[in-house]
Protein chains: 2
Amino acid sequence: MTVMETTSTTSTASADSCAGPPRQPRRPDGQDKYTISEVVTLTGLTAHTLRWYERIGLMPHIDRSHTGQRRYRNRDLDWLDLVGKLRLTGMPVADMVRYAELVREGDHTYAERFDLLKSTRDDVLSRIAELQDTLAVLDRKINFYADAGQALASERAS
Amino acid sequence: MTVMETTSTTSTASADSCAGPPRQPRRPDGQDKYTISEVVTLTGLTAHTLRWYERIGLMPHIDRSHTGQRRYRNRDLDWLDLVGKLRLTGMPVADMVRYAELVREGDHTYAERFDLLKSTRDDVLSRIAELQDTLAVLDRKINFYADAGQALASERAS
DNA sequence: TAAAACCTTGGAGTGTGCTCCAAGCAAGCG
DNA sequence: CGCTTGCTTGGAGCACACTCCAAGGTTTTA
C-alpha cells in the first residue's frame with residue numbers, strides 16, 4: 001500500500017559549498033544484477049524516472065526476473081552514467097532517445113552517432129564559454145558589493 | 001488584429017557550427033527610449049516574455065508613454081543583459097526575482113545581494129567543472145567512433 | 001482619413017521532464 | 001498464514017518558463 005519511493009534528497013541549494021559533487025555510492029565488485037531500488041541508490045535517480053526512461057525508449061532492453069521484476073546489469077548502469085552526463089549538458093531527452101535508437105540499430109549507425117556526439121560536444125564547448133563569460137560579469141558585481149561592504153565597515157569604524 | 005509577435009527564431013539545432021554566438025544587434029548610441037519591439041530585436045526575447053518578466057516582478061519599474069505603452073531605457077536593457085546571463089547559469093527565475101526585490105529595496109541589501117551572487121558564482125564554477133568532465137567522456141566516445149570509422153574505411157580500401 | 005502595423009491586458013494553453021497514484025502481485029519473516 | 005516491504009502497470013498531475021489568445025486602443029504610413 002504505502003509507496004513512498006525515496007523522493008530523491010532535495011538538493012535545491014547545494015548546502016556545503018566546500019565539497020566536491022555528491023559522489024554516488026560505488027558499485028559493488030563482481031555484481032551484475034541489481035534491483036530497481038539498488039539502481040536508485042547507485043544513480044540518484046528515482047524509480048519513477050528509471051521506469052519512465054524505459055517507457056520513452058531511452059534504455060536498452062532491461063532483463064527481468066522470472067516474476068517480471070527489473071534486473072539491471074552493469075552495462076545498464078554504464079548507460080545511465082552516460083545519460084546522466086548528457087543530461088548535464090542540457091541535451092534534450094528526445095535527442096538522447098535518438099542516440100539510444102542508433103545504438104539499438106547496430107554498428108552501421110556509427111557515423112550518425114559520431115555526428116550527434118560531435119555536435120553535442122560543440123554545444124558543450126559553447127556552454128562553457130557562455131558560463132565563463134557569465135562568471136566574469138558575476139565577479140565584477142561581486143567585487144562591487146564586496147568593496148561597498150568594506151566601505152560601509154570603514155564608515156562605521158570612523 | 002494580426003498579432004504574430006516575432007516567434008523567436010527556432011534555434012533548435014545550432015545550424016552553423018563554426019560561428020560565434022548569434023550576437024544581438026548593438027544599441028544605437030545616444031538613445032534612451034525604446035519600444036517593446038525595439039527591445040525584442042535588441043535582446044532576442046519575445047514581447048510576451050518581456051511583459052511576463054514585468055508581471056512576475058523581475059523588472060524594475062518601466063516607464064510608460066502618455067498612452068500607457070512601455071518605453072524601456074538603457075538601464076532596463078542593462079538589467080535584461082544581466083538577467084540573460086543569469087538565465088544561462090540555470091538560475092531559477094524565482095531567484096532572479098528575489099535579487100530584483102533586493103535591488104528595489106535599496107542599498108541596505110548589499111550583503112544579501114553579495115551572498116546570492118556568490119553562491120550563484122559557486123554554482124557556475126561547478127557547472128563548468130561538470131561540463132568539462134562531460135567533455136572528457138564525450139571525447140572518448142567521439143574518438144572511438146572516429147577510429148571505428150577509419151577502420152571501416154581502410155577495410156573498404158583493402 | 002483609412003488601412004496596416006503595433007501595443008495593451010488578464011487569463012488560458014503548451015512542452016519538457018519528471019512525479020505521483022491506485023490497484024494489485026510477489027517475496028521474506030515470525 | 002498474515003504482515004510488511006518492494007515491485008508492477010497505465011495514466012494522471014505538476015512545476016517551470018514561457019507562449020499565445022481575444023478584444024480592444026494607438027501609432028504610423030499612404
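Throughout, a chain's letter reflects where its sequence line sits, starting with A, and its residues are numbered from 1. Side chains are part of it too, since the values below use all heavy atoms of this structure and drop only hydrogens, waters and symmetry mates. The structure displayed is predicted, hence computed values, not measured ones.
When distances are taken from the side chain of B/R87 to each of C/dC7, C/dT19, D/dC18, the shortest belongs to D/dC18. Here the side chain of A/R55 is nearest to one of C/dC18, D/dT9, C/dC20, namely C/dC20. Closest to the side chain of A/R51, from the set C/dT19, D/dG6, D/dT8, is D/dT8. Distances were taken from every side-chain heavy atom of A/I36 (C-beta onward) to each of D/dT9, D/dT19, D/dC7; the shortest belongs to D/dC7.
With values rounded to the nearest 0.5 angstrom, A/L116 atom CG is found 12.5 Å from B/K141 atom NZ. How far CG of B/L135 is from CD1 of B/I142: 8.0 Å, rounded to the nearest 0.5 Å. Here CD of B/E38 is found 12.5 Å from CZ of B/R27. Values are rounded to the nearest 0.5 Å.
In this model, the phosphate group of D/dG13 is not approached by any side-chain N or O of A/H48 to a distance below 4.0 Å at OP1 or OP2. Phosphate proximity of C/dG17 to A/T49: absent, as no side-chain N or O sits under 4.0 Å from OP1 or OP2. Using a 4.0 Å cut-off, some side-chain N or O of B/R70 falls inside it from OP1 or OP2 of C/dT8. Side-chain N/O atoms of B/T35 include none lying less than 4.0 angstrom from OP1 or OP2 on C/dC6. Not one side-chain nitrogen or oxygen of A/R64 sits closer than 4.0 Å to the OP1 or OP2 atom of C/dA26. Put simply, B/Y53 has a side-chain N or O that comes within less than 4.0 Å of OP1 or OP2 on D/dC18. Under 4.0 angstrom from either OP1 or OP2 of D/dC18 there lies no side-chain N or O belonging to B/T46. Using a 4.0 Å cut-off, some side-chain N or O of B/T67 falls inside it from OP1 or OP2 of D/dT27.
Aromatic rings of A/F114 and B/F144 (six-membered ring for Trp) have centroids beyond the 6.0 Å cut-off, not under it.
Remark: C1' of C/dA26 and NE2 of A/H66 are 9 Å apart, rounded to the nearest angstrom. Rounded to whole Å, atom C1' of D/dA17 lies 11 Å from atom CG of B/L58. Note: CH2 (B/W52) to P (C/dT8) measures 18 Å, nearest angstrom. Protein atom CD1 of B/I56 is 14 Å distant from nucleotide atom P of C/dG10, rounded to whole Å. Atom OH in A/Y72 sits about 10 Å away from atom P in D/dC7, given to the nearest Å. A/M96 has its CE atom 13 Å from the P atom of C/dT16, to the nearest Å. Computed from coordinates, the B/M59 CE to D/dC18 P distance equals 13 Å when rounded to whole Å. When the P atom of C/dC20 is taken as reference, atom CG of A/L50 falls 14 Å away, rounded to whole Å.
Taking the side-chain hydrogen bond (donor to acceptor under 3.5 Å, both in side chains) definition, one finds that A/R64 meets it with A/E54, sequence neighbours left out.
Nucleotides of DNA chain C nearest to B/E54 and A/Q69 differ in position, and the one nearer the 5' end is that of B/E54.
Aromatic ring orientation, A/Y99 versus B/Y145: perpendicular (interplanar angle above 60°, classes split at 30° and 60°).
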